[in-house]
Amino acid sequence: MIRVLLADDEELIRTALAALLGLEPDLTVVAQAATGRAAVDAALAHRPDVAVVDLEMPPPGGIELAAELGRVLPACAVVILTGHGRPGHLRRALTAGARGFLRKGAPGGALADVVRRVHGGGRYVDPALAADALTLPECPLTPRELETLRLAEYGTPVAVIARRTQLSAGTVRNYLTASVQKLGAADRAEAVRIARDAGWL
């Protein structure tokens with residue numbers, strides 16, 4: 001039997017996936033979690049072969065969770081599910097160690113097939129997302145610009161960002177201005193949205 005952990009903050013989706021996978025003769029759902037932190041705890045307690053995790057859920061999110069499970073339970077393959085995947089998310093997920101990336105709108109039997117594939121050492125990437133990822137431009141922002149933009153996402157004051165990054169307030173303002181200009185945005189909020197939609201944040 002392939003032991004599966006399901007992590008999704010939407011209970012209806014999580015329980016539906018558990019029921020769907022429960023119909024497969026060679027798969028068993030050994031644990032479910034509603035947050036990334038609970039998923040790590042459940043993985044350590046139940047030692048699943050495959051973790052199927054939502055891209056966006058309470059921290060750590062799916063990409064960060066894939067990286068963390070890779071550190072604490074390297075034998076567990078991770079499949080990320082997404083309702084609205086972006087090519088940049090795909091790239092970050094694979095870099096974090098995910099072995100599968102699947103849209104929630106995929107056919108019903110697709111998830112079980114992907115679980116089997118990654119358990120066998122293979123990979124699976126949604127074909128449409130893979131095609132989009134090949135044409136996605138590289139992120140024009142430097143790592144520091146991305147860091148300050150990520151911290152500014154929720155309207156964090158420049159002074160707070162400066163303290164967290166150990167930069168001067170003027171340098172933070174310069175990074176944020178450069179990010180807005182490079183992304184062709186009207187303001188910080190739009191720059192955040194553009195970078196988020198591209199999967200760079």
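We're numbering straight along the sequence, starting at 1.
The backbone N or O of G122 sits less than 3.5 Å from a side-chain atom of R99, completing a donor-acceptor pair. Within the 3.5 Å criterion, the main-chain N or O of L141 finds no donor-acceptor partner in the side chain of E145. Here the side chain of R144 pairs no donor or acceptor atom with the backbone of V172 at under 3.5 angstrom. Of the possible donor and acceptor atoms, none in the side chain of T35 sits under 3.5 Å from a partner among the backbone N and O of P58. Between the D49 side chain and the R3 main chain, a donor and an acceptor come within less than 3.5 Å of each other.
Using a 4.5 Å cut-off on side-chain heavy atoms (C-beta onward), D187 and V180 make no contact. In this structure, the side chains of E24 and M1 stay at 4.5 Å or more apart for every pair of heavy atoms. Residues I13 and D54 fail the side-chain proximity criterion, which asks for heavy atoms closer than 4.5 Å.
E153 CD to I161 CD1: the interatomic distance, rounded to the nearest 0.5 Å, is 11.0 Å.
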Next item on the list: Take I63 and L55 through the side chain to side chain contact (heavy atoms under 4.5 Å, CB included) test and state the conclusion after the steps.
Entry: CA-CA 6 Å; I63 292 172; L55 176 68; 3.7 Å; yes
Next item on the list: Take E10 and E56 through the side chain to side chain contact (heavy atoms under 4.5 Å, CB included) test and state the conclusion after the steps.
Entry: CA-CA 10 Å; E10 295 182 55; E56 295 181 1; over 6 Å; no
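Within 6.0 Å of the CZ atom in R164, the count of heavy atoms belonging to other residues, nucleotides or ligands does not exceed 12.
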